[in-house]
2 protein chains.
Amino acid sequence: MVQKQEYLSKNQKIVLDDVEKANQPLKAYSILYNVQKKGLKAPLQVYRALDKLVEIGKIHKIESRNAFVACKNSNCVVSNATAFSICESCEKVTEINNSKLSKYLSNFEDNSGMKYSKYNLEFFGLCKKCKNK
Amino acid sequence: MVQKQEYLSKNQKIVLDDVEKANQPLKAYSILYNVQKKGLKAPLQVYRALDKLVEIGKIHKIESRNAFVACKNSNCVVSNATAFSICESCEKVTEINNSKLSKYLSNFEDNSGMKYSKYNLEFFGLCKKCKNK
DNA sequence: AATAATATTGTTATAATATAACAATGCGTT
DNA sequence: AACGCATTGTTATATTATAACAATATTATT
Ligand SMILES: [Zn+2]
Ligand SMILES: [Zn+2]
Ligand SMILES: [Zn+2]
Ligand SMILES: [Zn+2]
């Protein structure tokens, strides 16, 4: 039996490293630009690494921005319960780590008969700085 | 003073009509295909109509799918508080209309200092049908 | 009615985001 | 060594979305 991958491959490390350094969401083609000096020349090399990193929860995709950000929340072993705040003025994005919220959403049920295994929540508004302008 | 638009333009009506008939999310280029017989020939004509319809809450964008669905929730006068359930098997999407959930999220506050004016939540899982396969 | 401001439309081209398809290599297991 | 599978490299292409410019339509103000 082949066991589940427990380490990162070369390209995955390179991409994760770049995204972690940024501490803000990066677009795939910005990442591509950044890592070209390390040998990743094609979009697919970046997208494949991103896919895997998202799958294992090291990176999250900010869907409304088509951008990728490193997980800052040690609870997200797998990215099946994510919440973000997004400033609509400066585009600052923060991962929300609020156990009440995650408990509430993870336990959410309605009468649709659906079994929810995953959610993604994006809050929008103005951050502290932008509010006071 | 120019007052806020209170009716739909020709192209907006055409696009809304198509999306409402579908009762499932449509991609922008599917919409374009559908409405070509009505004279909309270019992507921009569709995207512009979609932008406006999303802005006024007649249509919502399913961000994780890059698709657009008509609002089924009369409460969404403006689309500043949206929640959807998405089946990862058959891709069925349903707008969640749950007042407890929307109250909880609309009142959500954390210590970030951010004032949230809007949110979008997407739940993923298996729908009733797909669960029983 | 004339003017101004705003919204909408039409059109061509192009940007930005993401995947298909195929061949080769690397690595752990049997 | 042989197998299975993940990863890599590469080229081409698909999909999603916007820029830029010109024209027309609608509404508000004078
Ligand atoms: Zn996380
Ligand atoms: Zn801000
Ligand atoms: Zn709605
Ligand atoms: Zn289903």
Side-chain angles (χ1 to χ4, degrees), chain A residues 1-19 22 24-69 91 93 120 122, chain B residues 1-19 22 24-69 91 93 120 122:
Chain A
M1 225 256 287
V2 178
Q3 59 187 89
K4 194 170 175 183
Q5 185 189 8
E6 59 197 2
Y7 60 92
L8 297 180
S9 74
K10 186 191 117 219
N11 288 0
Q12 290 160 15
K13 273 181 207 150
I14 291 172
V15 168
L16 177 57
D17 187 54
D18 188 55
V19 176
Q24 66 177 302
L26 292 181
K27 303 278 201 159
Y29 277 71
S30 302
I31 298 170
L32 176 58
Y33 177 85
N34 296 339
V35 300
Q36 285 195 328
K37 62 194 73 158
K38 304 215 170 153
L40 281 78
K41 294 173 195 161
L44 247 197
Q45 297 178 291
V46 170
Y47 278 107
R48 287 198 282 223
L50 286 172
D51 282 353
K52 180 63 73 172
L53 291 164
V54 166
E55 189 189 321
I56 64 179
K58 292 281 189 184
I59 279 184
H60 303 306
K61 182 172 186 184
I62 309 299
E63 293 286 357
S64 66
R65 299 299 187 260
N66 295 320
F68 300 85
V69 68
E91 292 295 320
V93 170
N120 179 56
E122 298 182 1
Chain B
M1 230 254 284
V2 178
Q3 61 185 87
K4 195 171 173 181
Q5 186 189 6
E6 59 196 3
Y7 62 93
L8 298 179
S9 74
K10 186 191 117 219
N11 289 0
Q12 290 158 17
K13 272 180 207 152
I14 292 172
V15 168
L16 178 58
D17 187 54
D18 188 54
V19 176
Q24 66 177 301
L26 293 180
K27 303 278 204 159
Y29 277 71
S30 302
I31 298 169
L32 175 59
Y33 177 83
N34 296 338
V35 300
Q36 285 194 327
K37 61 195 73 161
K38 303 214 172 157
L40 282 79
K41 295 174 193 161
L44 246 195
Q45 295 177 291
V46 171
Y47 278 107
R48 287 199 282 224
L50 286 172
D51 282 352
K52 181 62 74 173
L53 291 164
V54 166
E55 187 189 321
I56 65 179
K58 293 279 189 184
I59 279 184
H60 303 306
K61 182 173 186 183
I62 310 299
E63 293 287 357
S64 66
R65 299 298 186 261
N66 296 320
F68 299 86
V69 68
E91 292 294 322
V93 170
N120 179 54
E122 298 182 1

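Each chain gets a letter, A, B and so on, in the order its sequence line appears, and its residues count up from 1.
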To the nearest Å, give me how far apart [atom1] ([X]) and [atom2] ([N]) are.
| X | N | atom1 | atom2 | value |
| --- | --- | --- | --- | --- |
| B/Arg65 | D/dT15 | CZ | P | 17 Å |
| B/Leu8 | D/dA25 | CG | C1' | 16 Å |
| A/Leu32 | D/dT10 | CG | C1' | 13 Å |
| B/Lys27 | D/dA14 | NZ | P | 16 Å |
| A/Lys38 | D/dT8 | NZ | P | 15 Å |
| A/Tyr7 | C/dG28 | OH | P | 6 Å |
| B/Leu26 | D/dT16 | CG | P | 12 Å |
| B/Arg48 | D/dC21 | CZ | C1' | 11 Å |

Select one nucleotide: of [options], the one nearest the side-chain heavy atoms of [X].
| X | options | answer |
| --- | --- | --- |
| A/Gln45 | D/dA17, D/dT10, C/dT17 | D/dT10 |
| A/Leu44 | C/dT8, C/dT19, C/dT17 | C/dT19 |
| A/Ser9 | D/dT7, D/dA17, C/dT19 | D/dT7 |
| B/Tyr47 | C/dT9, D/dT16, C/dT12 | D/dT16 |
| B/Asn11 | C/dT9, C/dT19, C/dA18 | C/dT9 |
| B/Lys52 | C/dT8, C/dT17, D/dT8 | C/dT8 |

Would a distance-only check, ignoring hydrogens and angles, find a side-chain to backbone donor-acceptor pair under 3.5 Å from [X] to [Y]?
| X | Y | result |
| --- | --- | --- |
| B/Asn34 | B/Ser30 | yes |
| B/Glu122 | B/Glu63 | yes |
| B/Lys27 | B/Arg65 | yes |

Toward the 5' end of DNA chain C, which comes first, B/Asn66 or B/Ala49, by nearest nucleotide?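 Nearer the 5' end of the strand: B/Ala49.
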
How many angstroms lie between atom CG of B/Leu16 and atom CD1 of B/Ile56, to the nearest 0.5 angstrom?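 With rounding to 0.5 Å, CG (B/Leu16) is 7.5 Å from CD1 (B/Ile56).
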
C/dG10 phosphate, OP1 or OP2, under 4.0 Å from B/Lys10 side-chain N/O: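 For B/Lys10, the contact criterion (side-chain N or O under 4.0 Å from OP1 or OP2 of C/dG10) is met.
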
Could you tell me which non-hydrogen atom of B/Lys41 sits nearest to which non-hydrogen atom of B/Gln36, and how far apart they are?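 Distance-wise, the nearest heavy atoms are O-NE2, 3.8 Å.
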
Does A/Leu40 or A/Tyr29 map to a spot on DNA chain D nearer the 5' end, using the closest nucleotide for each?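 It is A/Leu40 whose nearest nucleotide is closer to the 5' end.
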
Between A/Pro43 and B/Lys61, which has a closest nucleotide on DNA chain D that is more 5'?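 Looking at the nearest nucleotide for each, A/Pro43 comes out on the 5' side.
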
